[in-house]
Asker: 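Attaching a single structure in C-alpha cells format; questions to follow.
Because the structure is a prediction, the values reported are computed rather than measured.
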Amino acid sequence: MASPSDRELLTAIQQGRRDALGALFDRHAPALYEFIYRIVGDRDQTARLLEEIFARAYSLATTVGEQESIRGWLYGLAREAAVNFLRQRNWLDALPPSDEPSVSGLAGDIWRAARAMPAFHRAVLVVEELHGLAPSEKARALNIARTDEQRLLDEARRSFNHQFDVQARQQGRPLSAQIDPQRIWGLQRRAGSEGSLFGYLPSVVLPDSLAAMARIKILASTRTAAMPTPPPAPMRAPAPVPTPAPTPAPAPVAASAPKIEPAESETPAEELDEEQPRRSFLPEGCSVRLIGLAVSIALFVTLLAVAIGSLVFREPPSPPTIVSIEPSDNATVAQTRVTIKATYVDKRGIDRTGVQLTLDGRVVTSQATVADDAIALTLDLEPGQHIVLVRVKNIAGNDSSRAWSFNVGGVAQGTPTLGATPTALSAPTETPTSTPLPTRTPSPTATIALNPLPSINSFGASPAVITRGLSTLITWNVSGADVVYLNQDKVDALGNRIVTPAVNTTFILIASNSAGTVDRTITVVVQELPDLVVADIWIDGNSLLNYTIRNSGNGDVTKQFLTEIRVDGVIVDSHRRISALPPGQDVQLFLPTGPIAGTHSVSVKVNSLQEVAETNYTNNELIRTITGSTPTPTATPTSTFTPTITPTPTHTRTPTNTPTVTPSFTPTFTPTPTNTPSPTNTPTATRTPTNTPTRTPTNTPTPQVVSASALVAPANYTGPCLGNSFTFTGTIQTDGAVTVTYRWERDGVLRPTATIIFSSAASLPVIETWSSAPTGSHWQKLHILLPNVTASNQATFTNNCTP
C-alpha cells in the first residue's frame, strides 16, 4: 500500500490524529534538523527548535492553504524559529565561535566561512545547494517572491565567497576561485551541478535516539489538544469580560478595602511607637536622643528642600503634547475633501523639522503646513478608511506621536460596536444608587465592550546597519489589526520584506482596528563606504621612497588595513600603520628601509586582504618606475699603455780587398790583404714605453649576505593538536658589518619583515615559531631583502596531529 502524501497527513492532523503528526515528523525531521542546524550552528538548540516547530505545526495545521506545499510550509516554520532564536541573541549577522569539534580539511573551511555569513544568506544556500527544494518550496520556506529568488541566491553566494576568501588570505590558503573540489577526494556536491563551495558541505545526520526522544515529546505535548483549531477561536473565548461591569462586582472590593488598610497601617505605627517612644524625649537625661532627633529632622528638612527645589527649578524632560486632532478618531466625514490637523504644545519649543505627518503609510509632510503649534493638510480622499500618524519633536530632542483613523463616506467602523448593546438602558440593575434615573442613558464606557488596540508583537530589521548596495530583511508580527501599513504599502499582519535602501531609511509600521491605531518605527542605517587609493609615489631629496594614500570615498576608515610595497617584484615592506582615515584626507608615508639608488619598478598596494569594506577594490594599487640617486662606482681603473718603439738599424759593411801580386824569380808572396770592414751598424732602438696606468680605485665594497639556510624542528609530529608548535631556525651569514632585512615565507604567504644587525662578518640565527599549524605537509623559507636579495632552502614538516 502506498504511503500517504503530505496533504493526506495534514488532513488527518486537522482531524486531530496525532499519529499523522508522527508520520509527518518521521518523513521531514531529518532534513529539517540539518536545515535548522545550518542556520543556528548548535546541535542542542537545533533539537529543541525541531520539537518546537512540529508542536506549532499541529496547532497551525488548519491555517495551511489548499495549494500550499507542506514541505515548504514546514521549512518556513523552521526558518522562523531559527531566526527568532538568533535574533534574541543578536547573532543574525554571524554565528559566534563554536565549542563543537571542528571538521578538518576543506569541509571545515567551508563551514567556518558559512558561520561568518548572515543567517538569511545561509538559509538561502541550504535550500538551494544542499536540499534542492523546488522554486515554489524555496519561496515559501524563505517567505520571498519567486521573482527575487535568483537575485537573493547570487547575493548569498557572493557573501559566502567573500567570507571564504577573507579567511583564506588570513590563513594562507587558496581562494575560492582557485579550488577545484572535484580533485579533492571525499567531496561531492549535494544538489545541482554548479554553485559555490557551500554545496560541498557534508550532511548533518539526525541521530535515531534523538529523533525518537523528540517524537515522544512532540506527541506528548499535543495530547491535551484532541483536534487543532484556528488560533482566533480561543482568543474570542473570554467574551463575557464586560459582564462583571455591573455594580455587584465592585461591592466586595469596597467592603474589603477598609479591612486591609488598617492592618497595613497599624503595624508600622506600632513599630514606630516601640522604637521611638514620645515620652522618652522629655527627660533631661535623654539629651543625646534629643540631639540625634534634631539632627535627623534637620537632615530630613534639608533633603526635602533639595527635592522640592529640583522639582520646582528643574523641568523634567517631557515630550510635546498633542492636544487635539481633526477629524477625530473613528469619525465619519461626509465630504471627500478633508482637512487633517493636529495641534500640539511644548514649553521648550517645537522643532519644525521634527514634525511629520503620515497618511495611510505615506509621508505627506511636504504637502502640509507646519507651524509652531499645529500641522494641517487639506486634500481630496477616496471613500473608505484612512489612517493618520503625527510625530512631533521639541528642540530638546524629545518626541511624541499620535495615530488615529477616520472614514470618508459610509458609516464609521466603530459606530456599530458602540450601539450594539441596548441593554445598557437598564439603569436600575446597573447603578443601584439612592436616586435612580430610569430615563438616563449611561455612559457607553460602562457597558460596552470595545475591542482592544492592535498589538505589534515584533517589528525589526536584520541587519539594522548595512553597507550601500546590500539588502536587509524587515520582519513584523501584528495581532488584532484590521489593516496594517508598512510605509505606504498595505501588508499582511505577519510577514517580512527584503529591502535595499540607498540612504538611511525609516520604516513605519501602522496597525489599526475599530479601537484605534498603534505604530512603531525602525531605521535602517546605510553606511557610507570609503575608497582607498594610492595617490602618488616619488623619491624625496634624501633618496627615500615616499607614497600617499588617500580616502576618496564618503565613509570613514575606522580600522587598520594591510599595505605592501614591492621593489622589482619583491616585497620590501608590509605593515598596518594606518588605523583611521576620514573621507577626502591623505596620509603620506615613506619606506623605512633606506635610500633608493638606481631605477626600479615600485608598486604600493593597500587593503589587499579587503579588511576595510570599500566601494571600489580595483584602484588599490599604483605601479611606477622610480629613479633614485646615481650609484657611485666602486672601481674605475684607467690603464693608459702607449708603447712607442722606434727601431732605426743602420748596418754599413764596406769590405776593401786589394791583393798586389809581383811575380819574380824569387817568388815573394806578400799578400797584403787590406780587409777593413767598417761596419757602421748603429741600431738605434728607441723603446719608450709610456705605460702610465692611472688606476683610481674608490672600491669600498659593501658587506653582503653570503648565504641563508633554514631548518625546522620537529620535522614530523604525531599527537594531539592542542598546543603543538614547530620552530624554524634560519642562519644568515655575512662578510662584514651590515644590517640585514629579512622575512619568512610560509606556504606561499609572506610574513612581516624584520632586521638583524651584524657588527662584523658572522653567522647569526633568526627564529620563527608556527603554532597550531593545520594538518598535512607545510614549509617555510627565509628571504633576504637587504643589503642583497637571496633566499634559503624550504624547511618542510609534516603535522599528523589529531583533534
Side-chain angles (χ1 to χ4, degrees), residues 38-39 79 82-83 86-87 90-96 112-129 138-139 141-169 175-177 195-198 459-476 486-487 489 495-507 521-532 551-559 561 583 607 609-620:
R38 291 302 184 192
I39 297 178
R79 178 190 55 80
V83 169
L86 296 180
R87 182 183 293 111
N90 199 22
W91 292 350
L92 286 173
D93 295 336
L95 293 176
R112 282 185 288 273
R115 292 179 66 93
M117 296 169 56
F120 183 76
H121 288 163
R122 285 198 304 276
V124 172
L125 292 182
V126 171
V127 299
E128 174 68 28
E129 298 194 359
K138 287 185 292 186
L142 301 173
N143 200 14
I144 61 175
R146 290 187 58 178
T147 55
D148 293 334
E149 287 182 7
Q150 188 59 46
R151 177 179 63 84
L152 295 175
L153 176 60
D154 295 340
E155 186 175 303
R157 285 172 174 169
R158 286 195 301 269
S159 176
F160 169 77
N161 290 335
H162 172 71
Q163 296 295 340
F164 186 91
D165 291 347
V166 167
Q167 296 180 8
R169 290 189 181 97
L175 304 182
S176 58
S196 66
L197 292 174
F198 189 94
F459 181 44
S462 176
V465 180
I466 62 173
T467 56
R468 180 176 295 181
L470 297 182
S471 301
T472 184
L473 180 67
I474 297 179
T475 59
W476 62 90
L486 177 64
N487 285 11
D489 298 333
N496 56 41
R497 175 174 296 181
I498 297 175
V499 296
T500 310
V503 295
N504 294 352
T505 304
T506 299
F507 293 89
T521 62
I522 57 172
T523 300
V524 177
V525 178
V526 181
Q527 290 181 332
E528 295 288 352
L529 294 181
D531 185 14
L532 292 170
N551 179 6
S552 60
N554 297 322
D556 286 334
V557 175
T558 58
K559 62 180 180 180
F561 54 88
N607 201 25
L609 299 181
Q610 298 184 7
E611 298 161 289
V612 174
E614 299 185 62
T615 58
N616 185 9
Y617 293 103
T618 62
N619 56 359
N620 293 143

Asker: Are the side chains of Asp556 and Pro583 in contact, using a 4.5 Å heavy-atom criterion?
Answerer: yes
Asker: Restricting to non-hydrogen atoms, name the atom on Asp165 and the atom on Ser176 that form the minimum distance, rounded to 0.1 Å.
Answerer: OD1-N, 2.8 Å
Asker: Keeping the roles fixed (side chain from Asn607, backbone from Tyr617), state whether a donor-acceptor pair exists under 3.5 Å.
Answerer: no
Asker: Give the minimum heavy-atom separation between Phe120 and Ile144, together with the two atoms involved.
Answerer: CZ-CG2, 4.0 Å
Asker: Do the side chain of Arg115 and the main chain of Pro96 share a donor and acceptor less than 3.5 angstrom apart?
Answerer: yes
Asker: Within a strict 4.5 Å, meaning less than it, do heavy atoms of the Met117 and Leu125 side chains meet?
Answerer: yes
Asker: What I'd like to find out is whether the side chain of Ile474 reaches to under 4.5 Å of the side chain of Phe459, using heavy atoms alone.
Answerer: yes
Asker: Regarding Gln150 and Asp154, do their side chains bring together a donor and an acceptor under 3.5 Å, going by distance alone?
Answerer: yes
Asker: For a 4.5 angstrom cut-off between non-hydrogen side-chain atoms, does Arg151 reach Thr500?
Answerer: yes
Asker: Check each of His121, Glu129, His162 against Arg157 using the side chain to side chain donor-acceptor pair (under 3.5 Å) test, and report the only one that passes.
Answerer: Glu129
Asker: Does any non-hydrogen side-chain atom of Asp489 lie less than 4.5 Å from one of Arg497?
Answerer: yes
Asker: Supply the atom-to-atom distance Arg169 CZ to Leu175 CG, rounded to the nearest 0.5 angstrom.
Answerer: 5.0 Å
Asker: Scan side-chain atoms only and decide if Glu614 and Asn620 contain a donor-acceptor pair under the 3.5 Å cut-off.
Answerer: yes
Asker: Taking Thr472 for its side chain and Pro463 for its backbone only, find out whether a donor-acceptor pair lies under 3.5 Å.
Answerer: yes
Asker: Return the minimal non-hydrogen interatomic distance between Asn616 and Thr618, and the atom names on each side.
Answerer: OD1-OG1, 2.6 Å
Asker: Mind checking the CG-OG spacing from Leu153 to Ser196? Nearest 0.5 Å is all I need.
Answerer: 8.0 Å
Asker: Would you say Glu611's side chain and Lys559's backbone share a donor-acceptor pair under 3.5 angstrom?
Answerer: no
Asker: List the atom of Leu532, the atom of Val557, and the distance in Å for their closest heavy-atom pair.
Answerer: CD2-CG2, 3.9 Å
Asker: Would you mind checking if Lys138 and Glu128 are paired as a salt bridge, meaning a charged N to carboxylate O distance below 4.0 Å?
Answerer: yes
Asker: What distance separates Glu155 CD from Leu470 CG, expressed to the nearest 0.5 Å?
Answerer: 6.0 Å
Asker: Would you say Arg38's side chain and Arg122's backbone share a donor-acceptor pair under 3.5 angstrom?
Answerer: no
Asker: Hey, does Ile522 have a side-chain heavy atom less than 4.5 Å from the side chain of Trp476?
Answerer: no
Asker: Indicate yes or no for a side-chain donor-acceptor contact from Asn504 to the backbone of Val526 under 3.5 Å, with no hydrogens or angles considered.
Answerer: yes
Asker: Grab the two heavy atoms, one from Asp531 and one from Asn551, that are nearest each other, plus how far apart they are.
Answerer: N-OD1, 3.1 Å
Asker: Looking only at heavy atoms, what is the nearest atom pair of Ala82 and Ile39, with distance?
Answerer: CB-CG2, 3.7 Å
Asker: Spell out, as yes or no, whether a donor-acceptor pair under 3.5 Å connects the side chain of Arg146 to the backbone of Ala139.
Answerer: no
Asker: Can you check whether Val83 reaches Ser462 side chain to side chain, under 4.5 Å on heavy atoms?
Answerer: no
Asker: Going from OG1 on Thr475 to CG on Leu92, what distance comes out if it is rounded to the nearest 0.5 angstrom?
Answerer: 8.5 Å
